[in-house]
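Note that the structure is predicted; figures quoted are calculated from it, not measured. Start at 1 with the first residue, then count along the sequence.
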Amino acid sequence: MFLVALSFAYFAKTLSGSYMKSTITQLERRFDIPSYLIGVIDGSFEIGNLLVMAFVSYFGAKLHRPKIIAMGCVLMSIGTFIIALPHFIIGRYEFETSVRWVVNSTNNPSPCPAGSPADRTPDGCEGESNLSMWIYVFLGNVLRGIGETPVQPLGISYIDDFATEENAALYVGCVQTISVVGPVFGYLLGSLCAKIYVDVGFVKMETISITPADSRWVGAWWLGYLIAGVITLLSAIPFWFLPRSLPISGPRAPEKCTQEQTSFIKDSPLLKHKYPADEHTSFIEMAKDFIPTVRTLLAHPVFLIYLCVTIIQLNSLIGMVTYKPKYIEQHFRQSASNANFLMGMINIPAVALGMFSGGLLMKRLKLNIMGAAKFAFGTSLIGYILSLFFFAMSCENAKVAGVTLSGCNVLIGLQWMCDGVFTACNSGCACSSSDWDPVCGENGITYVSPCLAGCTTSAGSGKNTVFSNCSCVGVAGNFTASTGQCPQKDDCNRIFPYFLALSVITSFIISLGGTPGYMLLIRCIKPQLKSLALGVHALATRTLAGIPAPIYFGAIIDTTCLKWGQKRCGGVGACRIYNTTAYRIAYLGLTLGLRTISFIVFIPGFILLSRQVRQEERSALHGALTNGGTELEALRKEEFVICNSDQPQQTSDNSMDRQTRL
């Protein structure tokens, strides 16, 4: 029952966490913030963990673990509701556009205004408060991080304490698998909400001139957080009714420790197995023992090397996963809804299958500590080699006049179009260079706005608006343009299925080593330090990977932006279009570069681990031979006594006893 409850809690927390990652582009556009600031918001979850992780892991192991997990789930749900709060505080979303559509009117305003090209300041800016609304998302995510803290270290240690040794790895594999199934539903929820307009029910959809494929589209991001908050709240209920301790099934005495376990327990192989669940220790006594216990843990060389490798690997993994939907959107020109759907239905199930298969293989092959290390390293290396092929899967930049089309290299009819958004064809219009309201010309080229396309008239409203007399589209000046960017008919559609297939294969192979690598952490330390080690490991990885990785990944991605949006009241908003080639090199190069460093760190650590195992094996063998020699000497002395004895019956009895002992 505890396994079921913990699995549901893992499902809830990973669903809300993956939903957060699926909404990063929606949050960027809604609050007009760059990618690095989204990285700060994403890392705020880890900040919440950082605040309480070590103390919850240490003190929680000696208290009522199920109830502490329940309180954590309640905090997570409250934090999730707070994230959705800004939608109900701020006004309606007004996307950036150079033309205000007039419904039920045959006289639409001209896309080509006369007069001075004013960088217009809209009315109502005095009451504009969108700039600070992302703070609520930040604080809610911090609270989510605090609530999530006890779930992993206390839940995993609870299972390992009361499950049989043979089943512990399989149970941990089951929980880890469920924790990967959660993101499937999180990304699917993100895909569904991304299709729904942010202010659905409050605006007339026929007045909305953008589609989900538009870089200004914002979906109903708030709806998913409400759903995730309810699910997380429900996951807290079972833990209130679970006991503090469970009866241990089967004999689980200390002498059952395997050879590699005893070799890493320096003091004695006959230590108490766990802290008794019903042990009542005062808070002051526990606090006095905290610092020495942490010092003992950090003095373990294998644990330290394992920690360094996982920190570097998680920097690569977190940065890659956080911005992968955005990479699919920008590089392969998919909508946010489609990118999230593909992540949930294709990528994540491969990871879940890999995690479960890794736990099953570890149980079937009976991998010891060295076997688990070799298995984890091998799968990670194969996945790394396959990931190099992503560099070859490239797409060209979208054809946007004056942004990606540089130089006089675009022939339109009999006229060359030169670099820059301002050309002779739109010189008669007072256009703003900061607007982003793309239109697709009949020539297959996207223009930044209908004004910069030289269009003078428009008809229709919303998505059905058609611009005519666009002088930049054709020489005759009677060519038309439609709203939105032009669909690209290049090799991207052909390459994209291969990208998805390779992504699935690499995800499966890398995740195979997830469970053996996790069990390596549990088995290389004293049983008493297990909860603390899990907590310190999670604390270090989240501090040095979970917080900084999304920030510097986002900052590097921001450097590849070609056209920034304009905030409603002035200032730079979210990026509208990226340099595809630079984005690919920055994103993939940073991801694989970090993994290269982790392999370099792992190799000396692997050598140190194998030497230590061999040394401990020799010490154990020497100890066995010494004890055996002492016993044999005692038997020889006894034989001498027996030979000189005058009582045959006693000699016979002693001889039988001696044979039994021998």
Side-chain angles (χ1 to χ4, degrees), residues 95-103 105-115 117 120 205-217 333 335 396-490 492 562-566 576-577:
F95 53 87
E96 178 188 1
T97 181
S98 59
V99 175
R100 301 296 175 184
W101 315 118
V102 182
V103 185
S105 174
T106 57
N107 297 319
N108 281 0
S110 173
C112 179
R120 300 169 296 274
M205 292 305 296
E206 59 268 17
T207 65
I208 305 301
S209 62
I210 55 177
T211 64
D214 195 289
S215 61
R216 294 163 294 171
W217 176 272
R333 303 184 188 101
S335 67
E396 294 181 358
N397 282 316
K399 296 178 181 179
V400 181
V403 178
T404 60
L405 297 179
S406 59
C408 295
N409 56 0
V410 184
L411 183 63
I412 305 173
L414 300 175
Q415 179 183 354
W416 291 95
M417 182 172 181
C418 297
D419 187 20
V421 293
F422 295 109
T423 59
C425 59
N426 58 32
S427 59
C429 302
C431 304
S432 170
S433 61
S434 61
D435 285 332
W436 177 258
D437 188 19
V439 293
C440 177
E442 282 190 356
N443 56 358
I445 295 176
T446 300
Y447 296 85
V448 174
S449 70
C451 181
L452 291 170
C455 304
T456 57
T457 59
S458 62
S461 64
K463 303 183 188 71
N464 301 319
T465 303
V466 176
F467 303 94
S468 55
N469 297 326
C470 302
S471 57
C472 294
V473 176
V475 182
N478 57 358
F479 284 83
T480 60
S482 56
T483 57
Q485 288 184 244
C486 296
Q488 299 299 315
K489 305 290 185 182
D490 55 12
C492 257
L562 292 174
K563 175 68 176 175
W564 289 95
Q566 188 78 5
R576 300 307 186 192
I577 186 170

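One distance of note links CG of L562 with CG of N397; it measures 6.5 Å at 0.5 Å rounding.
Residues C440 and K399 are not in side-chain contact: their nearest non-hydrogen atoms beyond the backbone lie 4.5 Å or more apart. Taking the side chain as every heavy atom from C-beta outward, V400 and Y447 never approach each other to under 4.5 Å. No side-chain heavy atom of F467 sits under 4.5 Å from any side-chain heavy atom of T480.
Of all heavy-atom pairs spanning W436 and Q485, the tightest one is CZ2-OE1, 3.8 Å. Nearest heavy atoms, V439 versus P450: CG1-CD, 3.8 Å. In terms of heavy-atom proximity, P212 sits nearest to S335 at O-CB, 3.8 Å. Taking all atoms of both residues into account, the shortest heavy-atom contact from G441 to A481 is CA-CB, 4.1 Å.
A side-chain donor-acceptor contact under 3.5 Å links R576 to the backbone of S215.
The side-chain hydrogen bond (donor to acceptor under 3.5 Å, both in side chains) test applied to T446 returns no partner, not counting sequence neighbours. In this view, W217 and Y197 satisfy the ring pair (Phe, Tyr, Trp, His ring centres under 6.0 Å) rule, not counting sequence neighbours.
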key: Test log, rule side chain to side chain contact (heavy atoms under 4.5 Å, CB included), inputs K563 and V448   = CA-CA 9 Å; K563 175 68 176 175; V448 174; 4.2 Å; yes

